[in-house]
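Here is how names work: the chains are called A, B, and so on, in the same order as the sequence lines, proteins then strands, and each is numbered from 1.
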Amino acid sequence: MKKISLAFIAIMLLAVTALAGCNNEDSASSEGKSKKDVEQVITANLGGEPYTLDPAFASDTTSFWVINHLYQGLYAYDEDGEIVDGAANKVDVSEDGKTYTFTIRDGVAWSNGDSLTAKDFEYSWKRVLNPETAAYDPSQFYYIKGAEEYNTGKGAVENVAITAKDDQTLVVELNNPVKFFPKVVLGEGFLPVNQKVVEADEDWAAEAAGIVTNGAYTVSEWKHNEQLTIQKSESFWNADQITMDTVNFKMIADATTEYQMYKAGELDLVAALPAETVEQEKSNEEYKNFPSFSIYTYTFNVEEEPFTNAKIRRALSFAIDREALTENILKGGEKPAYGYVAYGVESPSGKDFRDEAPEYFKFDSEKAKELLEEGLKEEGWDKLPEFTLKYNSEGNHKKIAEVLQEMFKQNLDLDVKIENQEWKTYIDTFKQKNFQLARMGWSGDFLDPYPVLNLYTSKSSSNFTNWSNSKFDDLIAESLVEQDENKRFELLHEAETVLMEEMPIIPILFQAQNTLISKKIEGIRLDVLSKPDLRFAEKVSE
Amino acid sequence: MTNSLPETDALFRPANPAHFENKQISRPSLSFWQDAVLKIVKNKMAVIGFVLLTAIIVLSIIGPYLVPYSQSEQSLTEGNLPLSSDHWFGTDDLGRDMWARIWAGARISLIIGIASALIDLVIGITVGGVSGYMAGRGKTGDRIDSFLMRIVEVLYGIPYLLVVILLMVIMEPGLVTMIIALSITGWVGMARIVRGQILQLKQQEFVLAAEKLGTSHGKIIIKHLLPNMMGIIIVTLTFTIPQAIFAESFLSFLGLGVQAPTASWGTMANDALGTILSGHWWRLFFPALMISLTMFAFNAFGDGLQDALDPRSKN
């Protein structure tokens, strides 16, 4: 025991000295060299070994980050984040909006020299749908005719409407004329893999030597759990546009270590800054804050008392001072959420979807008390049954849970218990709906209100609230087939209104990314859906 | 006639009382406890430990009332304030007063330490006493002894952290669960020590005498054996308490301990981990300091007690 107390003192001393050493600045860049003399190498941190580099199985942002640099789909993002033609240079949409005909570019090739054809896409997409493949998310293909049936074992592969008419023509038929289908096709699951390579060796993506890509980069070295290096691919059709030659991805799990390595000049980029450092880095010109298309919510189980009553659910929402939370506690550029769909979706009117909608609630403790009383009366309760708020132990969640606990006490005079679980246990608890009120965050699969709203339909496999509303379901279903963008957005707004009035979830805030990008690097594109795009980056000084 | 001593009585003279002194016993006759107190007072470390301990206990009682804040009251605009006359130990990230939280945490620590020590005491003495006393008393006695000792060994063999974590999963995390978890395996050390002592003491004549006079087993254990090993029991206790306190801090640090809004030194230290980067040193320093000081105080005082209560050390 004595040894342990000594150890504590030792740690404290170390901590104090470490603080003193925090502010060493990078030495000024050497002048006189022109851009062309600078070796185009960037070093970033992946945070860990990527789960896989096979697009069919990737599910996490770590894998996606590398994969997005290795492969290119039918569409791509340019350096401004606009959706442009990718491997296909012509897309024809039939008049009824149900048939897409993609024409593959001339001269596009795989990194092993094979030419990339429409057949590669047909093979890759059907591979994801094949139930035997057990790919990560085949459901994103369900807009395609026959896809759901094949994937769930009810239909044959021949009935899946993905057809390579010839080497250059890919025809895809949809169940519904889905307007946002191009955004869906941008998903990682739709990236092509090389049929010959995959069929020759099912572990093709496990080592650097076996990986064949069609995008901007190839894998030149993969030291597992240590470093992954990708090199600009000379066979990429658009190689001239790619300015960064080499990307080194380190695999450092600890965010503090990552931060210190950046400070020591060993990394050029910190994609996710540790929360504790955001405040002191804000004045740093290398600091960049960027929104992310994701929402932080608290989810009700509407079959568990006391949250069987919508007024009681709404009372809690009115009792939360979101601004105090984002401005005083988190301070990482998060925005208070007064609606459900995050910022970032441009509506046909040119405005942001969020700005078009009214604020569905605000912080108002009087209104909260009123709603609570009405709710109690409706249910015939004298006082609110006890409830527990659950969250997972990682990151900022504890802080937020404690703030909510105190706000419910101050504004509604409720004694709320809070309980935490570590992520893996928590996700099980959550999926088993073993909660009254629990934290959960969502990011959209693509930049549209549909994928996030769709999470709360009765059919959705991600709806753990037990909430089911036929009006909401109908509006979402209607929006899927609506061809007029204006009307489609109206329907989505209406659906959001229903969701916010019934409130099976409390939106708390819209999340943000906090990054540090070295002054030596220009042209890194930040994205609301994924990690920074390094393809068009340029190192301007050593 | 004057009444004077006759000259012939020169052989007899009044005694000079000063001469008696060299016959006096050199050490005052002191009871066992008086002797112990004297020895402790002479031991500097033990005195420091005792003073610290008293200070911690007193402040854990009155500390939170010295400031106008409660330990759970948040003031979101006043997060991470450094030490000042308003907030003596600064505030944490949610604007809660660190002074109030430190002493509220001290209460939790002390309650857990003392409660689990008392439970250890009761179970440990009962099991150890019965086991040691019954050993060597015919077949039944030996059976009882080995049965109880096997239980002790099994519990000793299970990693305590595992038991605690499993229990925390089944039961609702909190103060009571924590005390139960720490007591489930905590008493085995005490049981072993008591058994060893009893095995030694029961060989002595006064036990034989009591037995021959028809005193019951229970009475012999309680009236004759226990008082003779009070010293070692108390010393064991002073080491059990800091162990329990440390275990509480450790478990709370891991998120298995007391739940918010209750403050505990362990959770406070955990919350403050990130401050190594942000520079709000007071948030990690004070909980860590308090844990260290408490451990030190109990150990220093316990060491002193051990020397003082050991009948073999007569210096």
Given a strict heavy-atom distance threshold of 4.5 Å, which part of A/Glu402 is in contact with chain B: side chain, backbone, both, or neither?
-> both

Counting only heavy atoms not in A/Lys250, do more than 12 fall under 6.0 Å of its NZ?
-> no

With only heavy atoms counted, which part of A/Ile329 is less than 4.5 Å from chain B, the side chain, the backbone, both or neither?
-> side chain

Find the distance between CG (A/Asn328) and CG (B/Asp93) and round it off to the nearest 0.5 Å.
-> 11.5 Å

Return yes when atom NZ of A/Lys362 has more than 12 non-hydrogen atoms of other residues, nucleotides or ligands closer than 6.0 Å, and no otherwise.
-> no

Which heavy-atom pair separates A/Val403 from B/Gln74 by the least distance, and what is that distance?
-> CA-OE1, 3.5 Å

If you count the non-hydrogen atoms of other residues, nucleotides and ligands that lie under 6.0 Å from CZ in B/Phe250, is the total more than 12?
-> no

Evaluate whether atom CG of B/Asp86 has more than 12 neighbouring non-hydrogen atoms of other residues, nucleotides or ligands under 6.0 angstrom away.
-> yes

Flag yes if more than 12 heavy atoms outside A/Phe290 fall under 6.0 Å of its CZ atom; otherwise flag no.
-> yes

Nearest-0.5 Å distance, CZ of residue B/Arg96 to CD of residue A/Glu406 | 8.0 Å

Under the side-chain contact (heavy atoms from CB on, under 4.5 Å) criterion, do B/Asp92 and A/Lys399 qualify, and how do the steps go?
-> CA-CA 11 Å; B/Asp92 72 1; A/Lys399 229 188 248 187; over 6 Å; no

Where on A/Lys409 is there a heavy atom nearer than 4.5 Å to chain B: the side chain, the backbone, both, or neither?
-> neither

CD of A/Glu279: more than 12 outside heavy atoms within 6.0 angstrom?
-> no

Segment of B/Asp271 engaging chain A (4.5 angstrom heavy-atom cut-off) = side chain

